[in-house]
Amino acid sequence: MAKIDDYRSVVSNEVVDELYSISKHLQGKVIQNINSTAVGGGVAEILTRMVPLLKELGINALWDVIKGNDRFFTITKKMHNALHGVDIEITKEEFEYFLEVDRENFSILDGNAHIIFVHDPQPVALVEKRKEFKSKWLWRCHIDFSNPKENVWQFLKNYIENYDLAVFSAPAFARSLSIPQVLISPSIDPLSDKNRELTGNEINEVFERFKIDRSRPIITQISRFDYLKDPVGVIEAYKLVKKHVDCQLILAGGGANDDPEGEKVLNEVMDRASSDPDIHVLLLPPGSDIEINALQRGSTVVLQKSLREGFGLTVAEALWKAKPVIASAVGGIPLQITHKYSGILTLTVEGTAYWIKQLIQAPEFAYNLGRNGREHIRNNFLITRHLRDYMLTFLSLIT
Ligand code: UDP
């Protein structure tokens, strides 16, 4: 795993020196991160790198995962969808069961923590215990909160307002709250296996293993199999393109432990894909970082056709690889893509298909988009910036 000093060659000496300077004020402080899954999805992705890097900087960062059963995660998935504006009813019993499971998890709270750092709605009610702890409480929201279902938002708000501070990913998600809020964008780690440079052989090996022909254009979307990632819309866009241009589609992803809907979505995708041998649906086990890296690098165009999106780490990952990306103008994606400068923003199947065709047929334009995208990610969305923002936030709470 990369060390802090290894980032000097990616960002600058000043950026890394500043991390050391800030961290001097946080030596030995205990920061307990709590979320609902150790693998799958963006939060786990970030914590996997953030926690060891904070430790290297002398901060005692811990990471614990709440335990829940299928019923709990079915409810939290419904809440997740409702917070993204999907019209779903959550019953009183379901809210009560949600609280019951959070309360069963009180025992993971660490009495020595200077800061208890809770990620996303699933563990939000742990804050009921705050009176018994001297810790400060920080709630981090990774989802698109721009248009939540009111009753779910009101339910959550009661808990969020017991925290000391709330962190959102994008200005559009900030809500009216009685506690202070800060905006901190997520990030990717340029030196992880997911994002580091790969050799031509490493990329070829992955494509050969999945039996994908590299001599024809390849369109790829990497995502959990989730309706909000719109894999079916991706297939429809591909089919429109395929009428005019010979190309292939890769839909690759796995599940997350806290997402029980994945199997249903995957089955639907398999169904739609079964008649076309040029559609490759790849089910990736956890830890498929080099595979994802190679698939992104070996693609002609990368898609992220989400209907809702918190930030969309997969967009940052593909832009970092200087790929032309076509993504929906939702959630945090417009923070990453300026239309026709560092990628393409679309909202429809037809728009997506139109731009796939354009980018396949205009490789120089596509190349420029990718190059601009990479610089935008370097300047704004690498883990070094994220570490700095988190440490400054910790300092604001405990000194
Ligand atoms: N990812 C992964 N394996 C998969 C699907 C996704 O490792 O099968 C990673 C992906 O590369 C990205 C993260 O999980 O780093 C997904 O984050 P994003 O913000 O795009 O979406 P989320 O899943 O959090 O909604």
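Read the numbers this way: they start at 1 and go in the same order the structure lists the ligands and their atoms.
Shown are Gln296, Arg297, Glu291; of these, the side-chain hydrogen bond (donor to acceptor under 3.5 Å, both in side chains) with Asn293 is made only by Arg297. With respect to Tyr7, the side-chain hydrogen bond (donor to acceptor under 3.5 Å, both in side chains) criterion is satisfied by exactly one of Asn13, Asp189, Thr384: Asp189.
Taking the side-chain contact (heavy atoms from CB on, under 4.5 Å) definition, one finds that Thr91 meets it with Glu93, Glu94, sequence neighbours left out.
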- request: May I have the step-by-step check of side-chain contact (heavy atoms from CB on, under 4.5 Å) for Val330 and His84, ending in yes or no?
  value: CA-CA 11 Å; Val330 297; His84 276 116; over 6 Å; no
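When hydrophobic clusters are built by joining Ile, Leu, Val, Met, Phe, Trp and Tyr residues whose side-chain heavy atoms come closer than 4.5 Å, directly or via intermediates, Leu395 is grouped together with Val167.
Around OH of Tyr20, the count of heavy atoms belonging to other residues, nucleotides or ligands within 6.0 Å exceeds 12.
Closer than 4.0 angstrom to ligand 1 lie heavy atoms from Gly41, Gly42, Glu45, Lys194, Ser223, Arg224, Lys229, Gly253, Gly254, Ile292, Glu309, Gly312, Leu313, Thr314, Glu317.
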